Amino acid sequence: MTAPLATPAVVVERREPAARRRAPRLLRSPSGTLGLLWLLLIVLASATARLWLPYPTEKQDLTAVLQTPTAAHWLGTDELGRDLLSRIFAAGAGTLLTTSIAALVAVGVAVPLSLWSAGAGPRVEAVINRVTEIVMSVPGVVVMLAVIGAFGTNLPLVMAVLGFLISAGVYRVLVGQAKSLQANLYVDAARVDGVRPVAVSLRHILPNMLTTILVQFVLIFAIALMIGAGLAFIGFGPPPPEPSWGGLIGSASKHVYDAPWLMVPTGLVLILTVLAINAIADALSVGADAPPAQIALGRAARRRRPIAAVSPAPAGVTGLAVRDLAVGIDGGTTLVSSVSFDAPAGRVLGVVGESGCGKSLTALALMGLLPAGLSTTAGSIHWGGRELATLTEQQLGTIRGHEIGFVGQEPMRSLDPMFTIGYQLAGAVRRLRRVPAATARREAEALLGQVGIADPGRVLRSYPHQISGGMAQRVAIALALAGRPALVIADEPTTALDVTVQAEILSLLRSLVRETGMSLVIVTHDLGVVADICDSVVVMYAGQVVESGTVFDVLDDAQHPYTMALLAADPHAITDGTPASRLASIPGQVPQPKDWPGGCRFAARCEFARAECHAPVELEARSAGSGAVRCVRAVDLHLSATRWTSTGVSR
Ligand SMILES: Nc1ncnc2c1ncn2[C@@H]1O[C@H](COP(=O)(O)OP(=O)(O)OP(=O)(O)O)[C@@H](O)[C@H]1O
């Protein structure tokens, strides 16, 4: 068994903020940089054209018609002897401005719709999807020609209509990203902190979509530029003599045989501008994917179906009391059943088991944060005089963050990469404690001190990527403490950390429990963690509790073969005073819920299994010490002091 850990020293972060010193993504691409330079040149030259144009745009010189470049006319002249350079750049501002209407409308419609759709649940999403499908099926050219027929060649209006038609496609791109962002842990953390759905969308979803929005904007701009030029080419552009790029190409096309040069300058400017925009979009889109989605929480929680029948609150339990909790797929398989435990104030409860045993689902069910498609199907969760299993999402919202804090497995995913630690932590304090901004900032600094961070000022100013994993987990714990909860649920809080940092975080959690008197439920697959910081333990296997009791009783005198096997397979465990020469192993793996047998679920892997193990087995009081065990052979194995011996891995 691992030795108790010392209280952690205050940690000083030394990691360099390398990523923030890198050049912006656009400038890291040579083609993107060239594209940006060309676009800036065109925009600047067009915007300031009136100041530097060599000739008025309508000035005709019938002695110099259809000229190729000369010293007087650098890009040549048209059929009326008008200077091409002047006409191209005089047309630039109008062409670019009109084009941007399409991009603005497309993005302006698609962004709010995608945020709404991603956050509002499947019904709203289905309605919006159907409407956008209808818009996408409308023939855009016909609609634009109809608008021109009805309102004349009003290019801004035509571009607005084009933007609206394109918005349906942009919506389809954005809604996918918005949904995957909604599934991130930091979004769940914000919900747990009581942030309203609109604010979650604006603070956590929108900023992470900005690159995609920008890419879509420039791509639509390029498409609209070509469509606008095409319309002007066929005569639906600004009325003559006002120049436009499409109109200039249209006029040049009439002289394609006698003065082919006339097509070149405007055509080149148009093509290079479209290429530049595409290069910018390409450069921006490299690596701009949304962070990988985590388990989809939150939205499912809003649709949670509070269970009807619950057991009465157990007498004499002050903290969390869970009785016969069951979680299942809606209308299908039960994934976790009959889970019961207490987590009294000032105590630490460990929920332990291999991957797939139902630990995380149990933890998420406690907070009403089960993934979409799963719900609590039976049992009760008594907390602070209330039955959490029957509360609505709104009622749970007043408890999560305030009374119950949550620490996830991967701290980096609990932190929004777009905002500083200070912004996120102070924001959580402000929302949860309803204090002014200055107080929240001071509290945030104090919280960082409480979780052992030596230079809170600097960490508050840092972005998540500028701090190490261990530091991020301390910040995640500080976030969970922001509302001064009386219960913290930590789902494998040390899994993603290296061994030394794991020890520091465990020690920190233990000292926080001691100092604040809160209850802690810690989910882990590591009995060493249980031995280090827990007072009591629940061992889970294949969705059931197989053994429970105080840590001393269960680890010192394991009565379920699965607990014995976990102990024998733990490299830190010394079961008989001397380390064994070989580590034990557990053959096979945890069965999938569909393969659970009717009898003991561990029987197929158990070296002590007999015929009687294939009949259903209930939890019974342990024959010695506190707690319960689910094994028909428990007494028999206990009396014969049997140990798990199956080996496989050398120590
Ligand atoms: N969203 C889901 N839909 C269907 N089955 C699920 C879902 N989430 C989990 N399960 C199943 O429920 C069982 C318990 O999963 P759970 O994530 O609680 O296990 P765990 O012990 O926490 O494992 P880990 O340590 O890997 O997180 C597993 O068999 C898993 O495949």
Side-chain angles (χ1 to χ4, degrees), residues 1 335-341 349-362 492 522-531 534 536-573 575 580 583-593 595-649:
M1 210 119 344
L335 301 173
V336 167
S337 56
S338 307
V339 173
S340 301
F341 54 77
L349 169 85
V351 180
V352 70
E354 288 168 282
S355 186
C357 285
K359 310 179 298 290
S360 296
L361 292 185
T362 302
E492 307 214 23
I522 185 164
V523 169
T524 177
H525 57 264
D526 185 350
L527 274 180
V529 170
V530 173
C534 295
S536 52
V537 60
V538 167
V539 183
M540 289 191 70
Y541 184 78
Q544 292 179 324
V545 174
V546 292
E547 186 158 12
S548 64
T550 64
V551 166
F552 181 80
D553 287 339
V554 172
L555 299 197
D556 199 54
D557 178 23
Q559 298 198 352
H560 195 285
Y562 182 59
T563 317
M564 293 179 199
L566 286 178
L567 277 169
D570 184 340
H572 305 292
T575 46
L583 266 185
S585 63
I586 314 175
Q589 53 196 13
V590 183
Q592 287 295 310
D595 302 325
W596 287 343
C600 170
R601 293 179 183 172
F602 186 60
R605 302 173 75 190
C606 181
E607 65 182 54
F608 312 123
R610 299 251 179 91
E612 67 258 38
C613 298
H614 299 293
V617 51
E618 297 299 322
L619 264 183
E620 306 279 351
R622 283 159 45 92
S623 57
S626 64
V629 60
R630 188 190 295 272
C631 175
V632 284
R633 301 209 54 211
V635 175
D636 168 19
L637 295 174
H638 177 66
L639 290 178
S640 57
T642 310
R643 296 268 171 239
W644 185 271
T645 54
S646 179
T647 56
V649 186

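Fair warning: this is a prediction, and the values are worked out from it, not measured in the lab.
When the side chain to side chain contact (heavy atoms under 4.5 Å, CB included) test is applied to Val590, the partners found at least two apart in sequence or on another chain are Glu354, Cys357, Tyr541, Ala542, Arg605.
Between Glu492 and His525, the closest side-chain pair of non-hydrogen atoms falls below 4.5 Å. The shortest distance between side-chain heavy atoms of Arg622 and Asp557 falls below 4.5 Å. Looking at heavy atoms from C-beta onward, Val352 lies out of side-chain contact with Met540 at the 4.5 angstrom threshold. With a 4.5 Å cut-off on side-chain heavy atoms, Val538 and Leu349 count as touching. Between Val617 and Glu612, the closest side-chain pair of non-hydrogen atoms is not below 4.5 Å. Considering only heavy atoms from C-beta on, Gln544 comes within 4.5 Å of Arg601 through its side chain. Put simply, the side chain of Val351 does not reach to within 4.5 Å of the side chain of Ile522, judged on heavy atoms. When side chains are defined from C-beta on, Val629 does not count as touching Val546, because their heavy atoms never get closer than 4.5 Å.
Considering SG of Cys606 and OH of Tyr562, their distance stands at 12.0 Å, rounded to 0.5 Å.
With 3.5 Å as the limit, one finds a donor-acceptor pair spanning the side chains of Ser623 and Gln559.
Minimum interatomic distance between Trp596 and Pro591 (heavy atoms only, all atoms of both residues): NE1-O, 3.2 Å.
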